[in-house]
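Here is the naming used below: chain letters follow the sequence lines, and residue numbers restart at 1 for every chain.
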Number of protein chains: 2
Amino acid sequence: MDKKSPIEITLTERDDAVTITQWVYQTLRYAVMNGQILPGRALTIRELARILDVSPMPVREALRQLAAENALEIQGNRRVMVPRMTAMKFNELCEARIAIESHAAARALPYIDATRLNQLRELDHLIDVAQEQGDLEQVSILNQNFHRALYTANPHQVTLPLIESLWLQLGPFMRLATSKLEEHYLIDRHNEAMSAIEKQDAFALQLAITADIREGIAFAGTPELLHSFIEQSTHAVN
Amino acid sequence: MDKKSPIEITLTERDDAVTITQWVYQTLRYAVMNGQILPGRALTIRELARILDVSPMPVREALRQLAAENALEIQGNRRVMVPRMTAMKFNELCEARIAIESHAAARALPYIDATRLNQLRELDHLIDVAQEQGDLEQVSILNQNFHRALYTANPHQVTLPLIESLWLQLGPFMRLATSKLEEHYLIDRHNEAMSAIEKQDAFALQLAITADIREGIAFAGTPELLHSFIEQSTHAVN
DNA sequence: AAACCAAAAATGTGATCACAAACCTTAACC
DNA sequence: GGTTAAGGTTTGTGATCACATTTTTGGTTT
């Protein structure tokens, strides 16, 4: 069992309110999003079932669902793995995020009321706190919550599932970004976003969101880091 | 069995090369996309399994996959159905299509070579032929193929799955559109798109794609038709 | 020593079964 | 008559099993 690198998945408490399949889905989703599973590493139903201590059935369903969201890739061999990344694909994912999320932000703008604005302010504040404490994982989670809170202001929202799919695909590789980003001084684009919201200025909001996304992946400007990780991903367990 | 309206699904030949699950998935997907299943109608695994003459297992997996693509909706009761439509949601889906597809088109533009251009020309011609023959279903299919051929020119394409998800969600309600659109004279936006491609003019291409999408759903300009169908969808089998 | 091939182990797919929760029907009751 | 409560039925979930295909292994040949 050397070639098959061990998989370490953070297990959360299983709530009886959710089905086993849902719990497995959430667990695997978190593992994928945080790069706990090496891209290219073959995932087998029975192995995951052993790790998670459930029967193969819920794992089957969860894997299929994650594959449908492009978080996992099913090869012709019917083998499942986290997709490998390339520099070009990474770039396309980022540009897609910008296109869709700035659209979603503009569409949500008219629906943002005082309550929502306060919620955004609070999240922004929590992000600052987490940033000062250097808790990058928390920053990442809160940042997602901020974006989600913004887009879901639109009660007829239809793009969030698409956006989450992009987050899932970028997730494993963003971890690398944030870990190197520690030294990088971050301008708070969320403040810009919120002043744009107060002014109901859609264009300014789109600019702020675009800048926020671009800076979150600023390390893409240092291609050698991205390249090194992508190489790692490419040469991983075949 | 009056409340439970019968489901009529077009069955295609089952190819032994694909798994039963895949076949069921394709069959159900086609049925959803073409509005063969009434929005709100509760879908049960065993019923579909009887109709498709397969065991419940492949149906289970196919339903979960379609739900992950937002083609179906899983309610809290764990019941599965085609999501109901609202006028606002319809509008959001259309605007999302425009945002994402014009982005995808611009991103694909630099990769379009002579071969791809010829392929697009041929599809455009086939659409004209089908249009003259009044075969609206064929027009719809070919139109999708045209868009797909355009976006997939980009070898690092990541947005097509998202776009197809939007198509799936709009599908059941587009049928109504095209059926009323027969009388409507359609300007051929594909020609505009292709001349923009030849000039490598990204902005013009985006305008052409936007116009093409907007006209494909032109009936949204006649709100009463949309509204009537949405009402039908809303008041369908509870 | 590297390449090839057959046997053995492991894997995904699909079927069937058990069970608890949800749904529908029926009957009693206000 | 409309509402509620309890019964039986149907449904989704999850477990287990069988089988064909794939992957790995171990031995053989060039």
[X] side chain near [N] phosphate (N/O to OP1/OP2, under 4.0 Å):
X: B:Arg64; N: D:dT13; answer: yes
X: A:Thr44; N: C:dT11; answer: yes
X: B:Thr21; N: C:dG14; answer: yes
X: A:Asn77; N: D:dT21; answer: no

Would you mind checking if A:Arg148 and A:Glu164 are paired as a salt bridge, meaning a charged N to carboxylate O distance below 4.0 Å?
-> yes
Side chain of [X]: nearest nucleotide among [options]?
X: B:Arg79; options: D:dT11, D:dT13, C:dT11; answer: D:dT11
X: B:Pro58; options: D:dT16, D:dA15, C:dA15; answer: C:dA15
X: A:Ile45; options: C:dA15, D:dT16, C:dT13; answer: C:dT13

Gap between atoms CD and C1', on B:Gln22 and C:dT13 respectively (whole Å) | 11 Å
Atom CD1 of B:Ile20 and atom C1' of D:dC19: how far apart are they, to the nearest Å?
-> 13 Å
Would you tell me whether A:Tyr25 and A:Glu69 have side-chain atoms, one donor and one acceptor, within less than 3.5 Å of each other?
-> yes
Would you say B:Arg97 and B:Leu170 make side-chain contact, with heavy atoms under 4.5 Å?
-> yes
B:His147 and its side chain to side chain contact (heavy atoms under 4.5 Å, CB included) partner, picked from B:Leu123, B:Thr152, B:Ile163, B:Asp212 | B:Asp212
Could you say whether B:Ile74 or A:Arg46 is positioned toward the 5' end of DNA chain D, judged by the nucleotide with the nearest heavy atom to each?
-> B:Ile74
Upstream residue (5' side of DNA chain D) when A:Arg78 and A:Met57 are each assigned their closest nucleotide | A:Met57
Assign A:Leu63 to base, sugar-phosphate, or nothing according to its heavy-atom contacts below 4.0 angstrom with the strands shown.
-> nothing
